[in-house]
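A quick write-up on the structure given underneath.
One-based numbering, in listed order, for ligands and for the atoms of each. Since the model is a prediction, treat every value here as computed from it, not as a measurement.
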Amino acid sequence: MAGAVPEKASHGHWSSRYAFMLAAVGSAVGLGNIWKFPYEAGQGGGGAFVLIYLAFVFLIGTPVLVAELSLGRRGQLSPIGSMTKIAEAEGRSRLWSLIGWSGVVGGFLVLSFYSVIGGWTFAYVIEAATGNLHGITADGAGALFTSLLNDETKMLFGHALFMGVTIFIVAGGVEGGLEKAVVYLMPALFLLLIFMVIYSALTGDFGRTLSFLFAPDFTKINRDVALQAMGQSFFSLSLALGSIMTYGSYLTKDVKIGPSAVTIASADTGVAILAGLAIFPIVFAYGIEPGSGPGLIFASLPIAFGQMPFGDFVGTIFFALLAVAAITSAISLLEPTVSYVCEQVNHSREVVTVYVGGAIFALGLVSALSQGDSGIASFKIGGLDFLSALDFLTNNIMMPLGGLFIALFVGWFVSRKSMLDELAMEEKWFRVWYFLIRFVSPVAIGFVFYDILFG
Ligand code: TRP
């Protein structure tokens, strides 16, 4: 604990800048990078998607990341509390607290299905450890994934285990278990990913991967790809759903937000690109359809584990580390709601976490059962199953809109002086950031939305 703690004395702080960076990178790096980015790039035609994605990450996502961290640190409360407090201090409408509300509710919704996917990674730890990936063919890997989706016991068990671990860590407080989990395990995942890239490059179709990911086919750029890439850039950086604002509220004044945000965004993007480089060589070598959707990593990586020496072992470690990365992200999705409810009620953090986590688990059951051929799966919203519909709502609507309003608020409704004071940046960098957040972010996000609604 360090620094002045205004309102609630129970509100903890990161023990060091390093602890904060690990937690923030832990939040950003997760299933979004390794599971989602490759299949979305595959669906978006490869390079076209990657190019728009990179532009969104650095020109819009990173400035919004800076904005969200500053709002959290200035408010020192949950996203809802912080937004209300800052709006009041700046003499603005309390309606701005809706940004906090949308964040807390959105985090709740995302975690409900994130946990289901997290459960898949646990299931694959077991598949790999018990030798079920040994010598698996492309068809076999596809069939294994489909059979998981239809196995209600495994789906529910995975979801329960994932939420259980997340609740357990969050109940203990951010400063405790989390720090230890990230300090060794995240670098281990990074090294293993590099190993996978090398293995895939040597055994798969690396040339085609490079041209697929990095030689954009401009005819593939359209409004759906742009919307998807924008949503994914926010998702991957954990933006606009309260996670980053809450982590910002645990920040002490001495941490420089600008450089931290650039480091977080670079690490996050690096992991996503590595995941793409590890997966696509196998996808192309085995004739898997790049645009086949959310099962892409589960249909491709097992083939590599099935062939390499000690593949059962490497596969087990890989999926276990992926589960860890997913849990450090899940923690940041649970934290905003928990911190808000703790502000409102007089119960211990442990009790609040169990109730909130239990409610998220319950909602997630619908997503878990929506993936196979069971009754719930035939219930569609706009042609999407329940999990995909929640994903669409949060990824493509709530997050970009949240980002838009954060940019507008910070750029136009909070005084320049307050921001300069909060960021303590060199004047020239401040100007760059201020221009991006006032003009570039709102215009770009607004443009994509306008095109969707009226184009
Ligand atoms: N960024 C995480 C991932 O890539 C997921 C995540 C954590 C998230 N917190 C978030 C996504 C807040 C959106 C908003 O897996």
Side-chain angles (χ1 to χ4, degrees), residues 22-41 53 56-57 61-62 64-65 67-69 71-72 78-79 99-100 102-121 162-163 166 169-170 174 178 182 186 189-190 193 228-248 261 264-276 294 297 321-339 360 390-403 406:
L22 285 175
V25 172
S27 167
V29 173
L31 296 169
N33 308 61
I34 294 172
W35 160 71
K36 209 167 196 218
F37 173 81
Y39 88 75
E40 289 203 342
Y53 175 77
F56 265 106
V57 166
T62 310
V64 171
L65 181 59
E68 218 186 310
L69 286 170
L71 289 173
S78 72
I99 293 180
S102 144
V104 167
V105 173
F108 189 98
L109 296 178
V110 169
L111 184 52
S112 75
F113 70 81
Y114 199 84
S115 168
V116 173
I117 320 283
W120 297 354
T121 61
F162 190 89
M163 268 322 288
T166 306
I169 298 178
V170 173
V174 242
L178 176 62
V182 270
M186 296 297 285
L189 176 65
F190 189 75
L193 258 184
Q228 202 67 30
M230 175 166 83
Q232 173 61 14
S233 70
F234 281 86
F235 187 91
S236 197
L237 294 174
S238 299
L239 293 179
L241 293 191
S243 290
I244 291 294
M245 211 184 279
T246 309
Y247 278 12
I264 297 165
S266 311
D268 186 63
T269 307
V271 173
I273 300 283
L274 284 178
I297 82 160
L321 291 175
L322 181 55
V324 171
I327 282 171
T328 60
S329 300
I331 290 166
S332 76
L333 285 163
L334 183 52
E335 191 61 29
T337 317
V338 168
S339 79
I360 294 176
L390 272 187
D391 184 19
F392 186 88
L393 170 72
T394 49
N395 199 75
N396 293 12
I397 299 173
M398 294 178 80
M399 279 183 240
L401 276 185
I406 289 173

### Message
Under 4.0 Å, heavy-atom basis, I'd like to know which part of Ser238 is in contact with ligand 1: side chain, backbone, both or neither.
### Response
both

### Per-atom contacts, ligand 1 versus Leu31 - under 4.0 Å to a heavy atom
15 (O)

### Query
Tyr53 vs Phe37 aromatic rings, parallel, tilted or perpendicular, using cut-offs 30° and 60°?
tilted

### Side-chain touch Ile406/Ile99, heavy atoms, less than 4.5 angstrom
yes

### Task
Output, in order, the C-alpha distance, side-chain angles, deciding distance and verdict of side-chain contact (heavy atoms from CB on, under 4.5 Å) for Leu189 and Ile34.
CA-CA 11 Å; Leu189 176 65; Ile34 294 172; 3.9 Å; yes

#### Entry: Test log, rule side-chain contact (heavy atoms from CB on, under 4.5 Å), inputs Ser115 and Thr166
CA-CA 9 Å; Ser115 168; Thr166 306; over 6 Å; no

### Query
Which ligand 1 atoms does Leu241 reach within 4.0 Å, using its non-hydrogen atoms?
12 (C), 13 (C), 14 (C)

### Task
Could you tell me whether Leu237 and ligand 1 have an N or O pair separated by under 3.5 Å?
no

### Task
Look up atom OG in Ser27 and atom CG in Leu22, then write down how far apart they are to the nearest 0.5 Å.
12.5 Å

## Note on the structure
The reported gap from CD1 in Ile169 to CD in Glu335 (rounded to nearest 0.5 angstrom) is 11.5 Å

### Query
Under 4.5 Å between any side-chain heavy atoms of Lys36 and Asp391, yes or no?
yes

### Message
Show the atoms of ligand 1 that are less than 4.0 angstrom away from any heavy atom in Ser243.
### Response
9 (N), 10 (C), 12 (C)

### Task
Check each atom of ligand 1 against the heavy atoms of Ser332 and keep those under 4.0 Å away; list them by number with element.
7 (C), 9 (N)

### Distance from atom 2 (C) of ligand 1 to nearest protein heavy atom, with residue and atom
Ser27 O, 3.1 Å

### Query
Does at least one non-hydrogen atom of Asn33 fall below 4.0 angstrom from an atom of ligand 1?
yes

### Pairwise side-chain contact, Thr394 with Phe235, heavy-atom cut-off 4.5 Å (strictly under)
no

### Query
Numbering the atoms of ligand 1 from 1, which are under 4.0 Å from a heavy atom of Ser236?
1 (N), 4 (O)

#### Entry: Nearest-contact summary for atom 1 (N) of ligand 1 - protein heavy atom, Å
Phe235 O, 2.8 Å

#### Entry: Element-labelled atoms of ligand 1 that are located less than 4.0 Å from some non-hydrogen atom of Leu239
14 (C)

### Query
Side chains of Ile331 and Tyr247: closer than 4.5 Å at any heavy-atom pair?
yes

### Task
Indicate yes or no: at least one non-hydrogen side-chain atom of Leu31 is less than 4.5 angstrom from one of Leu322.
yes

### Query
Does an N or O from Gly32, backbone or side chain, lie closer than 3.5 Å to an N or O of ligand 1?
yes

### Task
Heavy-atom distances under 4.0 Å are what count here, so tell me which part of Thr394 touches ligand 1: side chain, backbone, both or neither.
neither

### Task
Check ligand 1 against Gly30 and write out every atom of the ligand that is under 4.0 Å from a heavy-atom position of the residue.
3 (C), 4 (O), 15 (O)

### Task
Among all protein heavy atoms, pick out the one at the shortest distance from atom 15 (O) of ligand 1; state its residue, atom name and that distance to 0.1 Å.
Tyr114 OH, 2.5 Å

### Query
Of all the non-hydrogen atoms in the protein, which one sits nearest to atom 4 (O) of ligand 1, and at what distance?
Ala28 O, 2.9 Å

